[in-house]
Amino acid sequence: MKKEIVDIRYVAKTLFLILTAFNLGHTFDFVWVGLIFSASFAVFGFLNASSRREFSKRPAYRKLFAYGAILPLALLWLVTPGVENGVNPMMIFLPGIYLLFLAVLQERSRGNGGFEVFVAFDGVAALLLSMYAVPKGWAGVGLAGLLLALFAYSRRGTAWYKYLLFVLLVIALGGVSYAGWQHWKNQRYQYGNQFVSDYQQRENLLGFDPVSALGSFNSNYNGKYNDQVVLRVWDTLAPRYMKAAVYEKYMAGVWKFPTAPIKTLTPNYYMVDYAVLEVEDSLTKVSSNGLPAVQQVWVQSTLKNFGFVFAPYSAVGFAVKDIDSLQYFPGNMVKGLDKNGKRSDWYYFACTSKSCVPSDSINRPAEHDLEVNERYYPLLDSVIASLDLKADSSVFDNILNHFLQNYTYDLTIPNIEHWKEGDVNALRDPLTVFLKEKVGYCEYYATLSTLLLRRLGMPARYVTGFANPEKVDGRPYATFRRKSSHAWVEVFYNDQWFIFDPTPPVVNFFNLKRNWYTDFAEGVKGRLARVMHFIKEGEWRKSLDSWQNRTQNFLDSGAPYAILAAVMVLLVVFRLYKYKKNNLRRVEVKSANAERWSKKLDLAEKDLARLGLRRETGETVGTFAKRVQSFEKQMDASSPKLMAQKERTSAALRILLDYERNRWRK
């Protein structure tokens, strides 16, 4: 019988497993668990090396125990409270406990279903997990266990210098890890702040807050994520401007939202799972009964949607999922998507006919569209006088030409950081720096233009959103990138609102270094998003709902039960027919000769049974005939009675032999 080879290596292996179990329990403050496993390894190590050396006598390895241990550990994981901003230690401790349990099972049955290689793997893995957040002073225990494992599982006859090289390698790796830990510990605040900064910049867009400061778009242009796709508008003729926020008041370099919405939009009807919220009732209905038709456009947001429904100025309705209302502000600004998750999508409806427009009560200017703080009167009046601006159609060309000829578009404005300093009596505002340096970007051009138009008595609004979408031939949607964030002006002139963009054109200022891979990757992402949207929210669900309704009506009608009963009757009739047909076939196959020999065999067996010879269950006729023939030879015929019995036996034997020869003949 195969027996255990007990030497110093086996002792080292047992000590390695004991140290691993104890270190795991101590690291996670479950010392009693570590002691239980340590005792288990000590007991099985002693038993395997002494009284139960023979492998065949060890208990068999049961996979049921290995699989069954998963359930209580999973339940323990479920009831464990979570850890915020960190790794839950139970994610390390529970796998370590499970590995130790497997090592115990394998070692207990090693040689009889258990394998040495699994004991080694589970033990080393548990040892590494026990080094997680190891208390000071206990790292040496883990290192000792690793060295014991190295000695226990190395090949016999390994040269001493190889052990030395391994120890030196462990020391070197440990030194590198310790140095890295010290460096991270000393620099963790710097790394943490950088991580937070990168996360905020990647996941959020500035310039869309309730209080938006001039210069807030700068990070959208100068950051490492300025090429990030923010919106996908599924329309080959996507609008040039996608509005987000409309601001009301300007003071000391910041714009503020309107204080109250005009109205609250509530669902008028539902489009599958999307609630349709209209600026006015019936504006989004498909053309029928004289109602105006609209175009429905899907918009996908790849980042946090800031609570806004991004849409063009002409949108007359919106369709959003999982909300019960939207706030509608002056200037067609819509908010209320905060309840709809970090990333979202929505539809907007744009009119396809001139009759499809909101009423004047929605479109007419508000009193705040003319509001200018008195402190800006001298500054604005000086600009108006120098440019000879008048409240007529010429004002737009004059402002734009002035900017084109005298101002430079740049993301860096000289001395902008000192705008709060200077004379106490002087006007402190970024606009003063913009006018002095004549350098700036969209927010400054749009702010100054809005205030100039208001000062002239023309209702105007400062608007932020996205402009100039990126379009690629063959792609069914347009994209707005982070650097597409923009500010412009909406002005009320000749009894209607229109867009006035005073920012000078920027040629290749934000040029994207595109290549075939960039276009291909974005195309794949966009189309995949469309497919997933169709699967989750598509119109196919209407057909499915209709099919379900028809199916339910059919089930409720009682017809299925009649059909089921008819099928059951047909099955019973068919089975009876098959049974009768098979019986007839068996009767036809059985020949007259076979029937005659069956009767002879039955009579012969009855005669032999009277003499005490019976064919056993499962015994063939041929085997029975040989047994009868042997019995016949031993029969005594000294008297007439015995002679008659022998003759009867001989006659029955001839029938048996003739049956064997003739039973298959027809």
To the nearest 0.5 Å, atom NZ of K249 lies from atom NE2 of H368 at 5.5 Å
Q. Aromatic ring centroids of Y274 and Y347 under 6.0 Å?
A. yes
Note to self: Here's one to test your reading of the geometry: is the NZ or CZ of K483 within 45 degrees of the ring axis of Y221 and under 6.0 Å from its centre?
What the structure shows: no
Item to complete: Go through V309 and Y348 one step at a time and tell me if the side-chain contact (heavy atoms from CB on, under 4.5 Å) criterion holds.
Response: CA-CA 8 Å; V309 178; Y348 69 80; 5.6 Å; no
Taking C-beta and beyond as the side chain, do F500 and M458 meet within less than 4.5 Å on heavy atoms? no
query: Got a donor-acceptor contact below 3.5 angstrom from the N226 side chain to the R482 backbone?
result: no
Review point. Between the side chain of Y493 and the main-chain N/O of S393, is any donor-acceptor distance below 3.5 Å?
Key: yes
Working for side-chain contact (heavy atoms from CB on, under 4.5 Å), residues Y462 and T447: CA-CA 6 Å; Y462 174 77; T447 296; 3.4 Å; yes
So OG of S484 and OH of Y241: to nearest 0.5 Å the spacing works out to 12.0 Å
Does W488 reach the main-chain N or O of I499 with its side chain, forming a donor-acceptor pair under 3.5 Å?
no
dist E280:CD -> C356:SG (nearest 0.5 Å) comes out at 10.0 Å
Legend entry - Under 3.5 Å: donor-acceptor pair, side chain of S449, backbone of A446: no
The reported gap from OH in Y477 to CG in D235 (rounded to nearest 0.5 angstrom) is 14.0 Å
Exactly one candidate in L277, V320, I323 meets side chain to side chain contact (heavy atoms under 4.5 Å, CB included) with L265; the answer is L277
Requested in this report: Please lay out, stage by stage, how L451 and L431 fare under the test side-chain contact (heavy atoms from CB on, under 4.5 Å).
Outcome: CA-CA 11 Å; L451 296 179; L431 284 180; 3.7 Å; yes
Are side-chain heavy atoms of V294 and L283 found at a separation under 4.5 Å? no
Step by step, work out the side-chain hydrogen bond (donor to acceptor under 3.5 Å, both in side chains) result for W497 and N363.
CA-CA 8 Å; W497 289 96; N363 280 331; 5.4 Å; no
Exercise for review: Output yes when a side-chain donor or acceptor of N398 lies under 3.5 Å from a complementary backbone atom of L387, and no otherwise.
Suggested key: no
- prompt: Is there a donor-acceptor pair closer than 3.5 Å between any side-chain N or O of T302 and the backbone N or O of V229?
  reply: yes
(message) If you define the side chain from C-beta out and look only at heavy atoms, does anything of N268 sit under 4.5 Å from D281?
(response) yes
In short, P459 meets G457 closest at the heavy-atom pair CD-O, 3.7 Å
**Asked** Using 4.0 Å as the upper bound for N to carboxylate O, is an ion pair formed by R461 and D369?
**Response** yes
Nearest heavy-atom approach of A244 to F308 is O-CD2, 3.2 Å
Can you confirm whether D495 is buried at CG, in the sense that more than 12 heavy atoms of other residues, nucleotides or ligands lie under 6.0 Å from that atom? no
Here the gap from E278 atom CD to T284 atom OG1, rounded to the nearest 0.5 Å, amounts to 3.5 Å
Practice prompt. Please find out if less than 6.0 Å separates the ring center of F403 from that of Y445.
Written response: yes
For a 4.5 angstrom cut-off between non-hydrogen side-chain atoms, does R454 reach L380? no
>> When you compare the side chain of R455 with that of I384, does any pair of heavy atoms fall below 4.5 Å?
In response: yes
Between T464 and A487 the two heavy atoms that sit nearest each other are CG2-CB, 4.2 Å
task = Go through the steps for Y377 and N373 under the test side-chain hydrogen bond (donor to acceptor under 3.5 Å, both in side chains), then give the verdict.
result = CA-CA 7 Å; Y377 284 177; N373 191 281; over 6 Å; no
Side-chain donor/acceptor of K263 to backbone N/O of V279, under 3.5 Å: yes
Exercise. Would you say V491 and F396 make side-chain contact, with heavy atoms under 4.5 Å?
Worked result: yes
In terms of heavy-atom contacts, V489 and P502 come closest through CG2-CD, 4.1 Å
- Query: Stepwise, does the side-chain hydrogen bond (donor to acceptor under 3.5 Å, both in side chains) test hold for T259 with E248?
  - Reply: CA-CA 8 Å; T259 55; E248 182 177 86; 4.6 Å; no
| request: Establish, yes or no, whether a centroid distance under 6.0 Å links the rings of Y376 and Y250. | output: yes
Checking W346 side chain against F310 main chain: does a donor-acceptor pair fall under 3.5 Å? yes
Just wondering, are more than 12 heavy atoms of other shown residues or ligands nearer than 6.0 Å to NZ in K256? no
Nearest heavy-atom approach of Y409 to P504 is CD1-O, 4.4 Å
Query raised in the report: Taking side chain as C-beta onward, heavy atoms only, is M333 less than 4.5 Å from P258?
Result: yes
The single option from R527, R232, K471 that satisfies salt bridge (Lys or Arg N to Asp or Glu O under 4.0 Å) with E522 is R232
To the nearest 0.5 Å, atom OG1 of T408 lies from atom CD1 of I413 at 11.5 Å
Self-check item: Check: A529 main-chain N/O paired with Q300 side-chain donor or acceptor under 3.5 Å
Solution: no
So, do F208 and F466 have ring centers that fall under 6.0 Å from each other? yes
Is the distance between the ring centroids of F498 and Y313 less than 6.0 Å? no
Residues Y407 and V439: closest non-hydrogen pair is CD2-N, 4.2 Å
Side-chain touch W255/L214, heavy atoms, less than 4.5 angstrom | yes
Open item on the list: More than 12 heavy atoms of other residues, nucleotides or ligands under 6.0 Å from NZ of K438: yes or no?
Closed with: yes
